[in-house]
Amino acid sequence: QVQLVESGGGSVQTGGSLRLSCVMSGYTRSEYCMGWFRQGPGKEREGVAAADTDGDISVADAVKGRFSISLDKAKNTLYLQMNNLEPEDTAMYYCALDRGLSTVQALRLLPRFAYAGQGTQVTVSS
């Protein structure tokens, strides 16, 4: 049984930082892709960043230069470092996992990945 457990969300002011973590368990394939997508109030779900077990990384243009993603395969943990947060970043952030695929493709497909966590809320106030 695959489980994804996110943590690290919270409330910060504009310009603040947060680091999200997602611990994965139960996925037995050695190659996979993980990522983060978000859904803000009244908005569509959108891919934020993706990383795969080959070391490839893709980050959405909306957060490029402010957010970074990393995958610690030894710990089965995915991270999202979010700096210089803006009110527009307010959203529920979800971790997702699927088979190995291009991280560029993953950015579009993250909300439809096979597995997703329950989400962690990020709120940025001005």
Side-chain angles (χ1 to χ4, degrees):
Q1 180 181 355
V2 176
Q3 285 192 316
L4 301 173
V5 180
E6 303 102 332
S7 61
S11 297
V12 297
Q13 292 188 324
T14 299
S17 297
L18 287 171
R19 188 174 85 151
L20 307 184
S21 300
C22 172
V23 179
M24 179 270 284
S25 61
Y27 194 76
T28 58
R29 296 192 178 204
S30 59
E31 293 186 352
Y32 53 87
C33 182
M34 292 183 73
W36 297 92
F37 66 92
R38 67 186 181 183
Q39 186 167 26
K43 296 181 181 180
E44 298 285 323
R45 292 183 169 187
E46 63 173 347
V48 175
D52 69 16
T53 48
D54 289 334
D56 290 335
I57 286 173
S58 291
V59 179
D61 289 344
V63 301
K64 197 167 290 183
R66 300 187 297 119
F67 291 13
S68 61
I69 188 170
S70 59
L71 174 62
D72 186 332
K73 291 187 290 184
K75 295 183 178 180
N76 289 336
T77 301
L78 182 73
Y79 301 98
L80 184 69
Q81 178 65 45
M82 306 186 294
N83 298 326
N84 197 18
L85 282 158
E86 302 169 351
E88 293 71 26
D89 297 315
T90 294
M92 185 71 81
Y93 284 72
Y94 300 89
C95 172
L97 164 73
D98 210 322
R99 60 181 173 83
L101 73 164
S102 150
T103 57
V104 174
Q105 282 183 306
L107 278 183
R108 294 186 294 106
L109 299 174
L110 277 165
R112 290 183 282 161
F113 265 25
Y115 305 99
Q118 294 298 308
T120 185
Q121 177 68 37
V122 171
T123 302
V124 185
S125 58
S126 57

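Keep in mind the model is a prediction, meaning the values are calculated, not measured. FYI, side chains are in, hydrogens and waters are out, and symmetry mates aren't considered; it's all heavy atoms of this structure.
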Over 12 non-hydrogen atoms of neighbours within 6.0 angstrom of CD in Gln118:
no
Across all chains, not counting sequence neighbours, the side chain to side chain donor-acceptor pair (under 3.5 Å) partners of Glu88 are none
For Glu6, the side chain to side chain donor-acceptor pair (under 3.5 Å) test, sequence neighbours excluded, returns none
Report the residues that fulfil side chain to side chain donor-acceptor pair (under 3.5 Å) with Thr77, sequence neighbours left out, ordered by chain and then residue number.
none
Pairwise ring-ring contact (aromatic ring centres under 6.0 Å, His included) hits with a residue in residues 40-67, at least two apart:
none
ring-ring contact (aromatic ring centres under 6.0 Å, His included) pairs, two or more places apart, involving residues 42-63
none
Is the backbone N or O of Gly9 less than 3.5 Å from a side-chain atom of Thr120, with the two atoms forming a donor-acceptor pair by type?
yes
Tested for side chain to side chain contact (heavy atoms under 4.5 Å, CB included) against Tyr32, the lone hit among Asp98, Leu101, Leu71 is Leu71
Arg45: what forms a side chain to side chain donor-acceptor pair (under 3.5 Å) with it, not counting sequence neighbours?
Gln39
Could you list the residues that satisfy side chain to side chain contact (heavy atoms under 4.5 Å, CB included) with Ala49, not counting sequence neighbours?
Val59, Ile69, Leu80
Restricting to pairs with a member in residues 27-58, which pass disulfide bond (SG atoms under 2.5 Å apart), not counting sequence neighbours?
none
Nearest heavy-atom approach of Leu78 to Cys95 is CD2-SG, 4.2 Å
side-chain contact (heavy atoms from CB on, under 4.5 Å) between Thr53 and Met34, intermediate numbers included:
CA-CA 9 Å; Thr53 48; Met34 292 183 73; over 6 Å; no
Donor-acceptor pairs under 3.5 Å, side chain of residues 12-30 to any protein atom, not counting sequence neighbours: which ones?
residue, atom, partner, partner atom, Å
Thr14, OG1, Ser125, O, 3.0
Ser17, OG, Asn83, OD1, 3.0

Same cluster or not: are Phe113 and Val48 linked, directly or through other Ile, Leu, Val, Met, Phe, Trp or Tyr residues, by side-chain heavy atoms under 4.5 angstrom apart?
no
Going hydrophobic residue to hydrophobic residue with side-chain gaps under 4.5 angstrom, can you get from Trp36 over to Ile57?
yes
Any residue meeting ring-ring contact (aromatic ring centres under 6.0 Å, His included) with Phe37, in chain and number order, not counting sequence neighbours:
Tyr94
Please list all pairs passing the side-chain hydrogen bond (donor to acceptor under 3.5 Å, both in side chains) test where one or both residues lie in residues 55-75, with sequence neighbours left out.
Ser58-Thr103, Asp61-Lys64, Arg66-Asp89
In terms of heavy-atom contacts, Ala50 and Leu107 come closest through N-CD2, 4.1 Å
Mind checking what makes side chain to side chain contact (heavy atoms under 4.5 Å, CB included) contact with Ala91, not counting sequence neighbours?
Arg38, Tyr93
